[in-house]
Amino acid sequence: MKIAFSNPSVADTGIVCVAVASGRKLSDSAKTLDKKLKGAISRAVKVGRFEGKKGQSVVIPAPAGSKLDAVHVFGVGAGKELSAGALHDIGGTLYAMTARTGAAKIAISVDKIAGCKLVPADMAAELAFGYRLRSYRFDKYRTKLTDDAKPSVKSATFLVEGAAAARKAFGDLDKVADGVFFTRDLVSEPANILYPETLAKEARTLSKHGVKVEVLGEAQMRKLGMGALLGVAQGSVREPKMVVMQWSGGKGKEAPVAFIGKGVTFDTGGISIKPAGGMEDMKWDMGGAGVVVGLMKALAGRKAKVNAVGLVGLVENMPDGNAQRPGDIVTSMSGQTIEVLNTDAEGRLVLCDVLHYCNKRFKPKTMIDLATLTGAIIICLGHERAGMFSNDDKLSEQLSEAGDAVGEKLWRMPLGDEYDKMINSDVADMKNISGGRGAGSTTAAQFLQRFVGDTPWAHLDIAGVTWSKKDAPTVPKGGTAFGVRLLDRYVRDQWEA
Ligand code: BES
Ligand code: MN
Ligand code: ZN
């Protein structure tokens, strides 16, 4: 799909979209078009329940004699509530409205809305971002899709004063959308296609965007002493990998911000095997790694003025004659020993070695990890928010704010000595589960905290938000890429400002 911007002219062919604000306030282009159509728009918004609220819409088939096909009137709500995030949602809803009408070309008029702080050019860029985000599809394995089951829209043109400025503002957002789409592709792939080696190969493609990519294999990780990560991998015929991505858009020697992702390309549970029902979901147990790779693509794509590193630990967790057993004791790269009481609590075993490696090698300013780590976080927060655990109040505030701004919301959860004690082991330095029924997401986070030293760190448990079973304004059902927009925003606000 092509997205374009051009200076205003009221489109008079095809499908045209015009805005109406709360209280049935017609935008300027809605008014102009209304006159041309002899009051058809004002009549339609008056007789229906359409009030101009955000998300509402009404479709008016063009009257006889007009060259238009239809007018889609979309509500934008109150001008003062029209933030960038609200515009993304409106743009996404607009895509859903217009994508399968049969028309290939859609024109969207964008004008000043009273009360909105953004100028029309910026409004158009944000709307276009939402429009594109909603257009994501994963169709590569559908060989029998008929044309009328596919979206008809081929191009969307935003008609706006200052089209050049809008195009420029959209440029960066478009790169973020590229990152989001890359993540969604990775998360959607099944585990017979996407496994450590092939995920690493996908990550390598970032080198053409200026990212330095290194891939470490089993032998190198063995040399480094990554016994925790390797213990998880040993039941699989797929070789584990660790990918280190570096984007150096900031000042020469300045320490980077670091992003770490859990990349379990399939999680059977291992010898502590999971029940059959729903196990297919565990193809997206590499969601954290997917976000880190997509984020690096977004940062490089828009040439972010920051030094950032992204590290992902890639393994497949399988039961096998060579798999690790409950009760095994492994030695992590940090030297700390771990009693593995449940082989299904594998994410923390992978992350602990990657976190330690990252901290030691890069001495980052902050470390943020993302992981589909615990089912318990879904019990706590459902699919609405990701859980955040952090040793740093400032970092958690910054992340919360970034999440609110882009609609990827976080909720901070507690850490503390009383929880930390719960993973002490009788035979090793720690055990990988508490053994009790309570606070499963927190004890997982406590485990990670034992590997981050004093570095400001946040852990985002994204188990509930990585995959969605229903459509949302900017996120079609499936892989969400939750975290890419949030962390892109965090980088922009905290490290590039
Ligand atoms: N990958 C799972 C967590 C998960 C569950 C992600 C559901 C997405 C949806 C993780 O590796 C896991 O199995 N966690 C266990 C931990 C338990 C054994 C302490 C869990 O949450 O049950
Ligand atoms: Mn597991
Ligand atoms: Zn897992």
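The figures that follow rest on heavy atoms only: side chains count, while hydrogens, waters and symmetry mates do not. This chain uses plain numbering: 1 for the first residue, then up along the sequence. Ligands are counted one by one from 1 in listed order, and the atoms in each one are counted from 1 as well.
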Spacing of [X] atom [atom1] and [Y] atom [atom2] [to the nearest 0.5 Å]:
| X | Y | atom1 | atom2 | result |
| --- | --- | --- | --- | --- |
| Lys283 | Thr265 | NZ | OG1 | 12.5 Å |
| Leu399 | Lys409 | CG | NZ | 16.0 Å |
| Phe451 | Ser334 | CZ | OG | 4.5 Å |

Sub-4.0 Å atoms of ligand 1 with respect to non-hydrogen atoms of [X]:
| X | value |
| --- | --- |
| Ile433 | 19 (C) |
| Glu346 | 11 (O) |
| Thr372 | 1 (N), 2 (C), 3 (C), 6 (C) |
| Met282 | 1 (N), 6 (C), 7 (C), 8 (C), 9 (C) |
| Lys274 | 12 (C), 13 (O) |
| Trp284 | 8 (C), 9 (C) |
| Lys262 | 1 (N), 10 (C), 11 (O) |

[X] and [Y]: side chain donor to acceptor below 3.5 Å:
| X | Y | answer |
| --- | --- | --- |
| Tyr195 | Glu189 | no |
| Thr474 | Tyr131 | no |
| Arg100 | Ser152 | no |
| Asn317 | Thr268 | no |
| Trp495 | Asn307 | no |
| Asp392 | Ser390 | no |
| Gln494 | Gln398 | yes |

(request) Give a yes/no on ligand 1: does Thr466 have at least one heavy atom closer than 4.0 angstrom to it? (result)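 Outside the 4.0 Å threshold, so no.
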(message) Within the structure, is a non-hydrogen atom of Trp467 found at a distance of less than 4.0 Å from ligand 1?
(response) no
(message) Of all the N, O or S atoms in Glu346, which has the shortest distance to the Mn ion (ligand 2)?
(response) OE1
(request) Check all N, O or S atoms of Asp267 and name the one closest to the Mn ion (ligand 2). (result)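 So the atom name we want here is OD2.
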(request) Determine yes or no for a side-chain-to-main-chain donor-acceptor pair under 3.5 angstrom, with Trp247 supplying the side chain and Ala304 the backbone. (result)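 It does hold such a pair.
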(request) Would you verify that at least one protein heavy atom lies under 4.0 Å from atom 22 (O) of ligand 1, or report that none does? (result)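 No, because not a single protein heavy atom sits under 4.0 Å from atom 22 (O) of ligand 1.
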Heteroatom proximity flag, [X] to ligand 1, N/O under 3.5 Å:
| X | answer |
| --- | --- |
| Asn342 | no |
| Asp344 | yes |
| Asp267 | yes |

(request) Can you list, by chain and residue number, the protein N, O or S atoms under 2.8 Å from the Zn ion (ligand 3)? (result) Lys262 NZ, Asp267 OD2, Asp285 OD2, Glu346 OE2
(request) Return the residue, atom name and 0.1 Å-rounded distance of the protein heavy atom closest to atom 20 (C) of ligand 1. (result) Gly375 N, 3.9 Å
(message) Give me the nearest non-hydrogen protein atom to atom 16 (C) of ligand 1 as residue plus atom name, then the distance to 0.1 Å.
(response)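 Result: Arg348 NH2, 3.9 Å.
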(request) Test side-chain hydrogen bond (donor to acceptor under 3.5 Å, both in side chains) on Ser272 and Thr343 and set out the steps. (result) CA-CA 5 Å; Ser272 313; Thr343 65; 3.1 Å; yes
(request) Under 4.0 Å, heavy atoms only, figure out whether ligand 1 is touched by the backbone of Leu373, its side chain, both or neither. (result) backbone
(request) Determine the interplanar angle of the His459 and Phe389 rings, folded into 0 to 90°, and report it as parallel if under 30°, tilted if 30 to 60°, perpendicular if over 60°. (result) parallel
(message) When you compare the side chain of Ile368 with that of Ile260, does any pair of heavy atoms fall below 4.5 Å?
(response) no
(request) Would you check if Trp284 and Thr372 make a side-chain contact, meaning some heavy-atom pair closer than 4.5 Å? (result)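 Heavy-atom side-chain distance check passes, below 4.5 Å.
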